[in-house]
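Below is one structure; the comments refer to it alone.
Note that the structure is a prediction, hence the values are computed from the model and not measured.
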Amino acid sequence: MEPIILTVREIWGDYAILVAPDGRERQTSLTQLPEGLKDGDRVRFENFEYTLEP
């Protein structure tokens, strides 16, 4: 599975709105994402795990 780099568009309650490079959005529970995430951060989705991109 190829890694996907997603951008956090917005933190909304217990969820984050993530935007893929092709513009598609997905809503993901903050419990699945790295702690301390904020708007504008980038995360890598690979092997069903999210990690913060430097």
Side-chain angles (χ1 to χ4, degrees):
M1 178 185 220
E2 285 286 316
I4 303 169
I5 306 301
L6 303 151
T7 303
V8 179
R9 183 174 64 95
E10 177 181 8
I11 305 290
W12 189 53
D14 292 333
Y15 292 88
I17 310 299
L18 304 177
V19 182
D22 63 4
R24 284 192 248 175
E25 294 184 353
R26 65 172 77 173
Q27 197 175 51
T28 305
S29 171
L30 289 175
T31 61
Q32 296 180 334
L33 298 168
E35 286 188 36
L37 203 64
K38 59 188 181 306
D39 294 355
D41 281 349
R42 293 168 38 124
V43 292
R44 174 186 296 260
F45 180 67
E46 185 173 29
N47 297 324
F48 300 100
E49 288 187 0
Y50 291 95
T51 55
L52 198 55
E53 275 290 287

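- Residue pairs meeting the ring pair (Phe, Tyr, Trp, His ring centres under 6.0 Å) criterion with at least one partner in residues 19-39, sequence neighbours excluded, do not occur; the list is empty.
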Could you go through residues 39-47 and list every donor-acceptor pair under 3.5 Å that involves a side-chain atom there, pairing it with any protein atom two or more places apart or in another chain?
from	atom 1	to	atom 2	distance (Å)
Asp39	OD1	Ile11	N	3.0
Asp41	OD1	Lys38	NZ	3.3
Asp41	OD2	Lys38	N	3.0
Arg44	NE	Glu53	OE2	2.9
Arg44	NH2	Glu53	OE2	3.3

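- Annotation: side chain to side chain contact (heavy atoms under 4.5 Å, CB included) contacts of Glu35 (sequence neighbours excluded): none.
- Take Glu49 and apply the side chain to side chain contact (heavy atoms under 4.5 Å, CB included) test, not counting sequence neighbours, and it matches no residue.
- With Val8 as reference, Leu37 is the one residue of Val19, Leu33, Leu52, Leu37 to meet the side-chain contact (heavy atoms from CB on, under 4.5 Å) rule.
- Between Leu6 atom CG and Arg24 atom CZ the span is 11.0 Å, to the nearest 0.5 Å.
- Residue pairs meeting the side chain to side chain donor-acceptor pair (under 3.5 Å) criterion with at least one member in residues 6-16, sequence neighbours excluded: Arg9-Glu25.
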